[in-house]
A.B. asks: 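Supplied in structure tokens, the structure appears directly below.
Per chain, numbering begins at 1; letters A, B, ... match sequence-line order.
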Amino acid sequence: MPFLFDTERMSKYHFNDIEAKWQQYWAKNQTFKAENQSEKPKYYVLDMFPYPSGAGLHVGHPLGYIASDIYARYKRHKGFNVLHPQGYDSFGLPAEQYAIQTGQHPRKTTEENIVRYREQLDKIGFSFDWSREVRTSDPHYYKWTQWIFIQLFESWYDKTDDKAKPIVELERIFTSEGNSNVNAACDDDIETFSATDWNAFTSEEKQRILLKYRLTYLAETEVNWCPQLGTVLANDEIVNGVSERGGYPVIRKKMKQWSMRITAYAQRLLDGLNNIDWPQPLKDSQTNWIGRSKGASVSFNVKDSNATIEVFTTRPDTIFGVSFMTLAPEHELVNQITTKAQLAEVQAYVEATAKRSERERMADVKTISGVFTGAYAEHPFTGKPIPIWIGDYVLAGYGTGAVMAVPCGDQRDYDFAKHFNIPIPNIFEGIDISEEPFEDKAGTIIANSDFLNGLNYAEATQKAIEKLEEKGQGTGKINYRLRDAVFSRQRYWGEPFPVYYKNGLPQMIALEHLPLTLPEVEKYLPTEEGEPPLGRAEVWAWDTKNNKVVSNELVSPSAVEGSEDNGVYPLELNTMPGWAGSSCYMFRYMDPSNNKEFADVDALKYWGNVDLYIGGSEHATGHLLYTRFWTKFMHDRGYLPVDEPVKKLINQGMILGESAFVFESYHEELQIKPLYFSAEIFRKTSVESIAFQSEKKFYSDQGLSEEEIEAIKYRSVHADVSFVNLQNELNIEAFKNWRPEFKDAIFILENGKIYDINSPFEGGQGDVFKVSREVEKMSKSKYNVVNPDDICEQYGADTLRMYEMFLGPLEQAKPWSTAGITGVHSFLKKLWKLYHSPLEGGQGDVSEFFVSEDPANKDSLKTLHKTIKKVEEDIENFSFNTSVSTFMIAVNELTAQKCNSREVLEPLAILISPYAPHIAEELWQKLGHSESIATAPFPKFEAKHLVESSKEYPVSFNGKMRFKMELPLDLTPVQLEEAVMAYDKTQEQLQGRTPKKVIVVPGKIINIVG
RNA sequence: GCAGAAGUGGUGGAAUUGGUAGACACGCUGGACUUAAAAUCCAGUGGGCAGUAAUGCUCGUGCGGGUUCAAGUCCCGCCUUCUGUACCA
């Protein structure tokens, strides 16, 4: 009966059909394509673009995308020209590691993963402008990453004007006046030269000097080397002394590396934080990362030597408390100053420290170690000899790698002094330092300190710096913890540097010959000689005559043999790090297909900065710092009109998964480790039925009565640890097939016994597996990943979108649970029903679409306008969870009012469209519109519909609400008081007493104090 | 150690400037419809005490104080959890 079938299709909420229909419509009509010119005001909403991993999306990924999509759609309704692009951060380690294992080209896996990501994203109904998609691994894109690198190479930082400038200007200055007046951010080993000197230098000498000034430079630097990954890591890629990816140990090693002179921007990166609307915790972590500290630089002369030791201290006021100095074991002066007598001991210590990994060194902060060098420094004021030690509590990477130790005022110096019996002079008046140092800056007066006696911290600090400057042995200084960022990675799957080497000096490839595309290699591993994977490429040399990549065999042998130069030079073998491609991508979206320049000036001007950026807080000190750095640089050089990339930033909280594990023990040592299972394994039969059944048995065996067990039930079902009889739920054979690595496993049972998986299960008292559940990050290895596709399939994208918002505040971390999803889904069904006439007699189903043209009644208009007001406020405050409840209330009320008026239902569809766009489009079409709902104007709130003539006043006695009383709103406080006092319930409460005081807050509350 | 955020029913979470604590939803209990299940709909649901009942009283926002007519919200002192960071001189 086709007729009935049609009616059925028309009336029921077939979300799968509706969603597919509108997703196709949006794609076909390019509904969300943003134009670079418009009469409308602009608004730029951006998500942090994903790395397309092989695992696909889990329900945690879309959380931020949903929020930003709601905001983008809202802004379109509000009349803005919205830029809401999406792309892929598609260079990265996982694809490369997969390539190493399988030989599959990372490009191939990356592309496959992108296809999968796109499918998953499309199913959720995002309003992305896909015509602007970027991929960092696409040569058309990384051409511009290479170009930015070249701009950095061609720039230096003028500290006087506080901005980056072209390096040719610096050359001009050198030619005319040398470098003595140049105030630049540069390497610290530059000698002064005059214009005459400069002009006499060879071209190579000039290039070597310029390299020390460039914003990206090549230098021998101590780096974090991860042998297992075969690459260096940046500080923010190391967590707890091991690599962030993989958790491998990291050691320190000297290597020739490209670095970015981000330290030149330290102060501006700090200052800029005041002008952007970012979460305070995130600003705080950037502030800490930059780590500005104010103090002094002091130089100590080494006795019987012409060497001087530079130190940085935040406490120049304690200079008379110095009783020794400590150098980092890696300090360059160690070899020079160590006496013969101490040489063996010092060398042994230096070697031992070098062998220790970063992790080991961090792990035992408590152990105090060090060696005396035999050398002494001279105190700048007293001239007294100060023994020079080396110790690994001093870090080579911070300050100058040397400290003046003031044991009375610093815990570490104090501990060191105590340990090695070094004297601890006291320079604080009235402070006992026999047990512990005095680290408080304020709160005491300096003593035993010559000209500093009697001064407090601030005065002494100032005075000490003055005197040091007089003597020429020190100066006030601001030090930053921020280090220059190492920019080379020994990997294959990253941007190649547009660099070739002529006589060992780096040369840039001109823009018109870019992109320099990744060469093909057979294997993605480092070479046997320890070169990066690009060292395996056979065609990887630059022909400067024809400007193209040619075979390595053609490389000019001139450098080694002095034969004729044929103009072919080796190319750089390192690739750029992960953050290279993501540091300026937000601007490339503005004009993504431009092949002539990074982006059109007018487009850059029109879109300005990102108005709203949503992403995880884990990028606080990585991506978000680097992108600010590059933006400021690009701004300095005139390539960008703005000097901050992002105005407002929101960190979405992580969605966590619930993992479940039983306890497995090792055969040999009976050590316990958790073995993760899919939480679903334990859910198939409900926790209630199985878990509690076995638990019930457990308790009844303990002699508890039925009633007592019932009382426990609630607690135990929701407790973190519940007992699940695996035998009832899990087929052991099936399990062994699923996880063959556990075919001989031994498990710990709840009663402490052990169970060998290959022996028969007895099922005696307490013989149940102990299962623990924990809420943690979703991860494949913990079997707690929930896939959004399944949710879309079962409930639809609109439900997924609303439910993710309904879970709680956006910024908060929250566990994923499907428990509440039916509530949101049935809300959408109720919404659907509101636009359909009820079926005669039937309770659930609806018949045809039906809206009335009659004016809406007062109550319905009130509901509508209340909803408009609240939803608008909520979206503006990014409080998406509360607006979902507002919608629920509205639909519940309108259903109760039997409202079917277009006057209400049409604006309601627009209100809900940012959250549930598919159902909104469908209803909008049924309402008779031929255009998409996407740009329908947002309903206007009219206060007149909310005007009330009376209010149900809560009446409190001594602050406790006792009853409510309906009273007109236009009464004066005196009239209100009279009315309340005349009410018999009031008298009943007072029981004849006279109230001391009556507080009347019109429109709010009445409180009677008695 | 330092910095930041947060502690509210069985659960997720609401609560403008201090002004009805627990919105909305899940779960649970009971009921309607059904051969049955699912779906749907209706009612109830913070704890305790009293009452046949409507209802009333009382305790309740991590703990202890304070300010106020009135405190989840403000102030002081603790405790716990989470996140970030860590020999930074």
A.B. asks: Which one, B:rU20, B:rC87, B:rG27, comes nearest to the side chain of A:Lys951?
C.D. replies: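 Selected nucleotide: B:rU20.
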A.B. asks: Tell me: OH of A:Tyr393 to P of B:rA86, nearest whole Å?
C.D. replies: 20 Å
A.B. asks: Give A:Val1001 one of three labels, base, sugar-phosphate or nothing, depending on what nucleic acid heavy atoms sit under 4.0 Å from its own.
C.D. replies: base
A.B. asks: Work out how far the P atom of B:rA21 is from that of B:rU61, and round it to whole angstrom.
C.D. replies: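 Approximately 12 Å lies between the P atom of B:rA21 and that of B:rU61.
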A.B. asks: Distance alone, cut at 3.5 Å: any donor-acceptor contact between the side chains of A:Asp440 and A:Tyr457?
C.D. replies: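 On atom types as modelled, these side chains do not qualify, holding no pair under 3.5 Å.
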A.B. asks: Could you check A:Leu269 against A:Ile262 for side chain to side chain contact (heavy atoms under 4.5 Å, CB included), going step by step and ending with a plain yes or no?
C.D. replies: CA-CA 9 Å; A:Leu269 287 169; A:Ile262 188 173; 3.9 Å; yes
A.B. asks: Which whole-number value in Å describes the distance from A:Arg412 CZ to B:rC2 C1'?
C.D. replies: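 Taking CZ of A:Arg412 and C1' of B:rC2, I get 13 Å after rounding.
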A.B. asks: Go nucleotide by nucleotide along RNA chain B from the 5' end; which of A:Glu952 and A:Thr313 gets its closest nucleotide reached first?
C.D. replies: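 Result of the comparison: A:Glu952.
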A.B. asks: For A:Glu436, is the CD atom crowded, meaning more than 12 foreign heavy atoms sit under 6.0 Å from it?
C.D. replies: no
A.B. asks: Could you check, using the six-membered ring where one of them is a Trp, whether A:Phe324 and A:Phe420 have ring centers closer than 6.0 angstrom?
C.D. replies: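 No: the rings miss the under 6.0 Å criterion.
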A.B. asks: When you compare B:rC82 with B:rC87, how far apart are their C1' atoms, in angstrom units rounded to a whole number?
C.D. replies: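 Result for the C1' pair: 25 Å, nearest Å.
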A.B. asks: Would you call the rings of A:Trp389 and A:Phe416 parallel, tilted or perpendicular if under 30° counts as parallel and over 60° as perpendicular?
C.D. replies: perpendicular
A.B. asks: Do A:Arg801 side-chain atoms and A:Ile66 backbone N/O form a donor-acceptor pair below 3.5 Å?
C.D. replies: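 No, because the side chain of A:Arg801 does not come within donor-acceptor range (under 3.5 Å) of the backbone of A:Ile66.
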A.B. asks: Taking the six-membered ring for Trp, are A:Tyr803 and A:Trp816 parallel (under 30°), tilted (30 to 60°) or perpendicular (over 60°)?
C.D. replies: perpendicular
A.B. asks: Roughly how many Å is it from OH in A:Tyr803 to C1' in B:rC26, rounded to a whole number?
C.D. replies: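 Roughly 8 Å, once rounded to whole Å.
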A.B. asks: Between A:Gly291 and A:Thr822, which has a closest nucleotide on RNA chain B that is more 5'?
C.D. replies: A:Thr822
A.B. asks: Under the 3.5 angstrom rule, does the side chain of A:Gln473 hit a backbone N or O of A:Ser299 as a donor-acceptor pair?
C.D. replies: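 Here the side-chain-to-backbone pair exists.
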A.B. asks: Decide if the gap between the ring center of A:His379 and the ring center of A:Phe320 is smaller than 6.0 angstrom.
C.D. replies: yes
A.B. asks: Strictly under 3.5 Å: I want the nitrogen or oxygen pairs between protein and nucleotides 54-58 of chain B, one per line.
C.D. replies:
| from | atom 1 | to | atom 2 | distance (Å) |
| --- | --- | --- | --- | --- |
| B:rC57 | OP1 | A:Gln989 | NE2 | 3.4 |
| B:rU58 | OP2 | A:Arg962 | NH1 | 3.1 |
| B:rU58 | OP2 | A:Arg962 | NH2 | 2.9 |

A.B. asks: Using whole Å, what does the distance between atom P of nucleotide B:rG12 and atom NZ of A:Lys814 come to?
C.D. replies: 13 Å
A.B. asks: Within the distance-only criterion (no hydrogens, no angle test), does the side chain of A:Lys964 pair as donor or acceptor with the backbone N or O of A:Glu952 below 3.5 angstrom?
C.D. replies: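 No; zero donor-acceptor contacts below 3.5 Å.
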A.B. asks: Which range-with-range stems can be found for RNA chain B when each stem has 3 or more Watson-Crick or G-U pairs in a row and both distances sit under 3.5 Å?
C.D. replies: B:1-7 with B:79-85, B:10-12 with B:24-26, B:27-32 with B:40-45, B:46-50 with B:55-59, B:62-66 with B:74-78
A.B. asks: The side chain of A:Lys964 is closest to which nucleotide in this list: B:rC88, B:rA89, B:rU20?
C.D. replies: B:rU20
A.B. asks: P atom, B:rG31 versus B:rA36: distance in rounded Å?
C.D. replies: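 Approximately 14 Å lies between the P atom of B:rG31 and that of B:rA36.
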A.B. asks: Tell me whether the side-chain N/O atoms of A:Arg292 come closer than 4.0 Å to OP1 or OP2 in B:rC88.
C.D. replies: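 No, A:Arg292 has no side-chain N/O under 4.0 Å of OP1/OP2 on B:rC88.
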A.B. asks: If only side-chain N and O atoms count, and only distance matters, is there a donor-acceptor pair under 3.5 Å linking A:Thr263 with A:Tyr480?
C.D. replies: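 No, no side-chain donor-acceptor pair sits under 3.5 Å.
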A.B. asks: In whole angstrom, give me the gap between the C1' atoms of B:rA89 and B:rG84.
C.D. replies: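 So the two C1' atoms sit 22 Å from each other.
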A.B. asks: As a test of the definition: with a 90° window around 0 for syn, would you call B:rG4 syn or anti?
C.D. replies: anti
A.B. asks: Between B:rG19, B:rC24, B:rU85, which one does the side chain of A:Lys1004 approach most closely?
C.D. replies: B:rG19
A.B. asks: Rounded to whole angstroms, how far apart are CG on A:Asn288 and P on B:rA5?
C.D. replies: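 The distance from CG of A:Asn288 to P of B:rA5 comes to 13 Å, rounded to the nearest Å.
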A.B. asks: Tell me what A:Gln812 touches on the nucleic acid: a base, only sugar-phosphate, or nothing, going by heavy atoms under 4.0 Å.
C.D. replies: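 Sugar-phosphate, backbone atoms only, no base.
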A.B. asks: Flag the pair A:Pro279 / A:Leu649 as yes when at least one side-chain heavy-atom distance between them is below 4.5 Å, and no otherwise.
C.D. replies: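 In short, these two side chains touch, coming nearer than 4.5 Å.
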A.B. asks: Between B:rU17 and B:rU68, how many Å separate the two P atoms, rounded to a whole number?
C.D. replies: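 Looking at atom P only, B:rU17 and B:rU68 are 22 Å apart.
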A.B. asks: What's the closest nucleotide to the side chain of A:Pro809 if the choices are B:rC88, B:rG13, B:rG84?
C.D. replies: B:rG13
A.B. asks: Can you list, in residue-number order, the parts of residues 868-889 of chain A that come under 4.0 Å of RNA chain B, counting heavy atoms only?
C.D. replies: A:Asn881, A:Thr882, A:Ser885, A:Met888, A:Ile889
A.B. asks: How far does the C1' atom of B:rU73 sit from the matching atom of B:rG18, given to the nearest Å?
C.D. replies: 6 Å
A.B. asks: Nearest to the side chain of A:Arg481, which nucleotide is it out of B:rU20, B:rA86, B:rA89?
C.D. replies: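 Of the options given, the side chain of A:Arg481 lies nearest B:rA86.
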A.B. asks: Roughly how many Å is it from CZ in A:Phe806 to P in B:rC24, rounded to a whole number?
C.D. replies: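 Distance, rounded to whole Å: 10 Å.
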A.B. asks: Any ion pair linking A:Lys862 and A:Glu893 (charged N to carboxylate O, less than 4.0 Å)?
C.D. replies: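 No, A:Glu893 and A:Lys862 are not salt-bridged.
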A.B. asks: So if I take every side-chain heavy atom of A:Asn1007 and compare against B:rU40, B:rA89, B:rC69, which nucleotide ends up nearest?
C.D. replies: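 Comparing B:rU40, B:rA89, B:rC69 against the side chain of A:Asn1007, the answer is B:rC69.
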A.B. asks: Suppose you measure atom P in B:rG22 against the same atom in B:rG9; what distance do you get, rounded to whole Å?
C.D. replies: 14 Å
A.B. asks: Rounded off to whole Å, could you give me the CD1-to-C1' distance for the A:Ile478 and B:rC88 pair?
C.D. replies: 16 Å
A.B. asks: Out of B:rU20, B:rA86, B:rC41, which has the shortest distance to the side chain of A:Lys833?
C.D. replies: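 Nearest listed nucleotide: B:rC41.
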A.B. asks: Is A:Tyr414 reaching over with its side chain to a backbone N or O of A:Ile424, donor-acceptor style, under 3.5 angstrom?
C.D. replies: no
A.B. asks: Choosing from B:rA89, B:rC41, B:rU20, which nucleotide comes nearest the side chain of A:Met961?
C.D. replies: B:rU20
A.B. asks: Name the nucleic acid region contacted by A:Ser826, choosing base, sugar-phosphate or nothing; use a 4.0 angstrom heavy-atom cut-off, strictly under.
C.D. replies: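 Sugar-phosphate, backbone atoms only, no base.
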A.B. asks: Please determine whether side chain to side chain contact (heavy atoms under 4.5 Å, CB included) holds for the pair A:Tyr795 and A:Ile821, giving the CA-CA distance in whole Å, both sets of side-chain angles, and the decisive distance to 0.1 Å.
C.D. replies: CA-CA 8 Å; A:Tyr795 299 101; A:Ile821 203 162; 3.6 Å; yes
A.B. asks: Distance check, P atoms only: B:rC26 and B:rU40, in whole angstrom units.
C.D. replies: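 Taking atom P in both B:rC26 and B:rU40, they lie 10 Å apart.
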A.B. asks: Tell me: CG of A:Leu810 to P of B:rG13, nearest whole Å?
C.D. replies: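 Whole-Å distance recorded here is 13 Å.
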A.B. asks: Which is true for A:Asn892 with a 4.0 Å heavy-atom rule: it touches a base, it touches only sugar-phosphate, or it touches nothing?
C.D. replies: sugar-phosphate
